[in-house]
Amino acid sequence: MKTNDEFERYQKAQKKVKELKGFYRHLLVFVIVMIGLIYINLKYTPEVLWFIWPMIGSIVPLVFHGAKISNSFPFFNKDWEEKKIKQFMEEEKMHNNKFE
């Protein structure tokens, strides 16, 4: 039984590492793209700072991605999803038992 619990913990930890790695990749792409856009903007059209708009549009998904992996939003949490699935399955089971 202990080895099964350890294996489950290992799988959860592995999943969290994968999610964190995805967030870091997202952050790296954001930084690289923003540096490129800022360079292009300031070199060719410094009178209009248009890079701010794509930056704002890119920060929003980045913030949500970070919030998701840090469990800041409980409805993004995998545990919440599993609890809801079990709840709906139980409700369905009770509903079906009423008509038997």
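Sorted by first and then second residue, the pairs that involve residues 33-46 and meet side chain to side chain donor-acceptor pair (under 3.5 Å), not counting sequence neighbours, are N41-T45, T45-W50. Within the structure, side chain to side chain donor-acceptor pair (under 3.5 Å) pairs that include any residue of residues 20-30 comprise H26-H65 (at least two apart or interchain).
S58 contributes atom OG, which lies 11.5 Å from atom CG of L27 (distance to the nearest 0.5 angstrom). With rounding to the nearest 0.5 Å, the separation of CG in L62 from CE in M34 is 10.0 Å. To the nearest 0.5 angstrom, Q11 atom CD is 7.0 Å from Q14 atom CD.
A single hydrophobic cluster is not seen to contain both V60 and M55; linkage of ILVMFWY side chains at heavy-atom distances under 4.5 Å, directly or through other members, places them apart. Both L37 and W53 sit in one connected hydrophobic cluster of ILVMFWY residues. Membership requires side-chain heavy atoms under 4.5 Å apart, directly or through other members.
Side-chain contact between F23 and K68 is absent, with no heavy atoms from C-beta onward closer than 4.5 Å.
V29 is linked by a side-chain contact (heavy atoms from CB on, under 4.5 Å) to V33, counting only residues two or more places apart in sequence or in another chain. L28 is linked by a side-chain contact (heavy atoms from CB on, under 4.5 Å) to I32, counting only residues two or more places apart in sequence or in another chain.
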I'd like to know whether I40 forms a side-chain contact (heavy atoms from CB on, under 4.5 Å) with F51, so could you lay out the CA-CA distance, the side-chain angles of the two residues, the decisive distance to 0.1 Å, and finally the verdict.
CA-CA 9 Å; I40 291 169; F51 74 87; over 6 Å; no

Do any side-chain atoms of residues 84-91 form donor-acceptor pairs under 3.5 angstrom with protein atoms, and if so which ones, sequence neighbours left out?
unit_1, atom_1, unit_2, atom_2, d
K84, NZ, Q87, OE1, 3.0
Q87, NE2, E91, OE2, 3.0

